[in-house]
Amino acid sequence: MQKKLLTLAVASAMAATSSVAYADLLDDVIARGYVQCGVTEGVPGFSFPDENNEWSGLEVDYCRALAAAIFDDPDAVRYTPTTSQARFETLGSGNIDVLSRTTTWTMTRDTDLGLTFVGTMFYDGQGFVVRESDGISSALELSGAALCIESGTTTELNAADYFAANGLDLSNAVIFVTRDEVVQAYLDGRCDVYTTDASAIAAERTQFPNPDEHVILPEIISKEPLGPVVRSGDTRWFNIARWTYFALLNAEELGVTQANVDEMLGSDNPEIMRLLGVEGDFGAPIGLSTDWAYRIIKHVGNYGEVYDRHVGPNTPLAIPRGINALWTDGGIQYAPPVR
C-alpha cells in the first residue's frame, strides 16, 4: 500500500512539473509580444547588424521564423548580442528565449548545462586562415606558429587535439576573450594564423581590408554542427523551436517557397496540405495556430531560400550547399514529416 501511494505521489509530482514546464515560456513570450533572441556580436551571413542596427543572417532568419510562427510577424524579435563566454549563462538565466549564435552541438553542452539543442541549422568544421605572403599551404605546417583563438569555444579544444595528434607545437597560441579581438590581433600581425569555424572564417575574410591577401587552408579539423539552443524542461517551447527548424526544411523539400506558398494552399499533395494547415491541425498541440508553418514560409521562406539569401554561392561568403543540401540532393539536412 505504501509503495502504491509513493508511486502515485511521484507520478503526481512529475505530472505537475511537466505541466508547469509545458506552459511557461510561450505564455510569457506572447504576453511580452516578442521573442528575445541571442545572437553573435556580428558574423556576416549568420547574425550581423547594419548601420541602423538591423540584424540579418541565417541564424537571424531562424529567430524571425520563430516569431512568424507565434505572432505572424517576423519582426517581433529583439536581439541580444552575446559573447562565447556569456552565451550559455545568458540563455540559462532567462535573459533570452533562444540562442541562435554559431553554437556547436556537443555532448557536454547538451547534457551538463540544462540546455537543449534544437537541430543543426548549419553543418560546419574548423579551419585556418593565413597570410598568402607567408607561403603556408597546409595546417600541418603550423607547428610553432602564433595561433589566434577565441576562448570559451570548441575551437580551443579542437586545435589542441589536432596539434597533439599530428605532433605539432601549440605553445604559441594566443587566446582572446572576444571574436573581434581575435580578428583584430590577426590583422595587426600579432598572430600568424586565425582559426575558428570555416564558415566564420569565410565571413570574417569578406571584411578584411584586402581579402585576397589571405588564404583559407584546405584542412577541416572538426565536426561543428551549429544550431539553436533553448533551456531544458519546457517541452512546448522546445517543440515550437524544433518544428520551426523542421518546417523550413520540409518546405524546401516539398517545393514550397515564399513566392508560391499562397498558390500551394490549393495543392492536393497531402504532405503540403498538412504542412500549410489545410488538412489537420498540427499547431494546437504546441500552442500555435493551424497555419503556423504557412506563416513561417510566407514571411521568411524555406531553408534553401534562407541559405541562399545569406551564405550561398551568390553572396560574398559564396559557401556551396555541400552537406547542408537536403538529403534528396546529396546532403544531410533532413526533417521528420508533418503527419
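One-based numbering along the sequence shown. Heavy-atom basis, side chains included; hydrogens, waters and symmetry copies ignored.
Here the CH2 atom belonging to Trp237 is positioned 12.0 Å from the CG atom belonging to Asp24, to the nearest 0.5 angstrom. Rounding to the nearest 0.5 Å gives a distance of 7.0 Å between CD1 of Ile30 and CD1 of Ile70. With rounding to the nearest 0.5 angstrom, the CG atom of Leu142 is 10.0 Å from the CG atom of Leu170. With values rounded to the nearest 0.5 angstrom, Asp124 atom CG is found 7.0 Å from Ile220 atom CD1.
Hydrophobic clustering, with ILVMFWY side chains joined whenever heavy atoms are under 4.5 angstrom apart, keeps Val130 apart from Val182. Ile96 and Ile240 are assigned to two separate hydrophobic clusters, defined by single-linkage of ILVMFWY side chains at heavy-atom distances under 4.5 Å. The same ILVMFWY cluster, assembled from side-chain heavy atoms under 4.5 Å apart, contains both Phe238 and Leu26. Val29 and Val229 end up in different hydrophobic clusters when Ile, Leu, Val, Met, Phe, Trp and Tyr side chains are linked at under 4.5 Å. Hydrophobic clustering (side-chain heavy atoms under 4.5 Å, transitive across Ile, Leu, Val, Met, Phe, Trp, Tyr) keeps Tyr307 apart from Tyr123.
Of the possible donor and acceptor atoms, none in the side chain of Asn324 sits under 3.5 Å from a partner among the backbone N and O of Gly331. Remark: side-chain polar atoms of Glu204 are not paired, donor with acceptor, to backbone N or O of Ile201 under 3.5 angstrom. Between the side chain of Ser232 and the backbone N or O of Gly114 there is at least one donor-acceptor pair closer than 3.5 Å. Checked by atom type and distance alone, the side chain of Thr195 pairs as donor or acceptor with a backbone atom of Gly127 at under 3.5 Å. The main-chain N or O of Val215 is never found under 3.5 Å from a side-chain atom of Glu132 such that the two would form a donor-acceptor pair. Between the side chain of Glu305 and the backbone N or O of Asn302 there is at least one donor-acceptor pair closer than 3.5 Å. When atom types are taken as modelled, the side chain of Asp169 and the backbone of Ser171 share a donor-acceptor pair closer than 3.5 angstrom. No side-chain donor-acceptor contact under 3.5 Å links Asn250 to the backbone of Leu275. A distance-only check finds no donor-acceptor pair linking the side chain of Asn166 to the backbone of Leu168 [under 3.5 Å]. The backbone N or O of Asn52 lies less than 3.5 Å from a partner atom in the side chain of Asp50, making a donor-acceptor pair.
Around atom CD of Glu89, no more than 12 heavy atoms belonging to other residues, nucleotides or ligands sit under 6.0 Å away. More than 12 heavy atoms of other residues, nucleotides or ligands sit less than 6.0 Å from atom CZ of Arg109.
For the salt bridge (Lys or Arg N to Asp or Glu O under 4.0 Å) condition, no pair includes a residue of residues 240-251, sequence neighbours left out.
At a cut-off of 3.5 Å, with distance as the only test, no side-chain donor of Ser199 or Asp197 sits close to an acceptor on the other residue. For Gln126 and Asn158, the side-chain atoms include at least one donor-acceptor pair closer than 3.5 Å. A donor-acceptor pair shorter than 3.5 Å can be found between the side chains of Ser289 and Asp291. Using a 3.5 Å distance cut-off with no hydrogens or angles, the side chains of Thr102 and Thr40 do not pair a donor with an acceptor. For the residue pair Tyr245/Gln333, the side-chain donor-acceptor check at 3.5 Å is satisfied. Residues Asp192 and Tyr186 have side chains that never bring a donor and an acceptor to within less than 3.5 angstrom of each other. Side chains of Glu150 and Thr155: no donor on one and acceptor on the other come within 3.5 Å. Between the side chains of Trp105 and Glu224, no donor-acceptor pair of N or O atoms lies under 3.5 Å. Inspection of the Ser267 and Asn269 side chains reveals no N or O donor paired with an N or O acceptor under 3.5 Å. At a cut-off of 3.5 Å, with distance as the only test, no side-chain donor of Glu41 or Thr83 sits close to an acceptor on the other residue. For the 3.5 Å distance criterion, the side chains of Thr116 and Arg231 fail to qualify, holding no donor opposite an acceptor. Glu156 and Ser151 form no side-chain donor-acceptor contact under 3.5 Å, judged by distance and modelled atom types alone.
Checking each of Asp75, Asp73, Val306 against Arg64 for a side-chain contact (heavy atoms from CB on, under 4.5 Å) leaves exactly one that passes, namely Asp75. Evaluated for a side chain to side chain donor-acceptor pair (under 3.5 Å) with Glu253, the options Tyr334, Trp327, Tyr303 yield exactly one hit, Trp327. Partner of Arg87 under the side chain to side chain donor-acceptor pair (under 3.5 Å) criterion, chosen from Thr82, Thr103, Thr80: Thr103.
Annotation: His214 is not in aromatic contact with Tyr194 [ring centroid separation under 6.0 Å not met]. Aromatic pair Phe46/Phe122: centroids less than 6.0 angstrom apart.
Considering only heavy atoms from C-beta on, Phe71 comes within 4.5 Å of Val35 through its side chain. A heavy-atom distance below 4.5 Å is not found between the side chains of Phe48 and Glu54.
For Leu217 against Ser137, the heavy-atom pair with the smallest separation is CD2-C, 3.8 Å. Among all heavy-atom pairs drawn from Ala200 and Thr196, the shortest one is CB-CG2, 3.8 Å. The heavy-atom pair separating Cys148 from Ala185 by the smallest distance is SG-CB, 3.9 Å. Among all heavy-atom pairs drawn from Leu248 and Gly301, the shortest one is CD2-O, 3.3 Å.
Taking the charged nitrogens against the carboxylate oxygens, Asp27 and Arg32 have no contact shorter than 4.0 Å, which rules out a salt bridge. With salt bridges taken as basic N to acidic carboxylate O contacts below 4.0 Å, none links Asp329 and Arg321. No salt bridge links Lys298 with Glu263; every basic N to acidic carboxylate O contact stays at or beyond 4.0 Å.
Remark: Asp72 engages His299 in a side chain to side chain donor-acceptor pair (under 3.5 Å) (not counting sequence neighbours). Taking Arg131 as the reference, nothing meets the side chain to side chain donor-acceptor pair (under 3.5 Å) condition, with sequence neighbours excluded.
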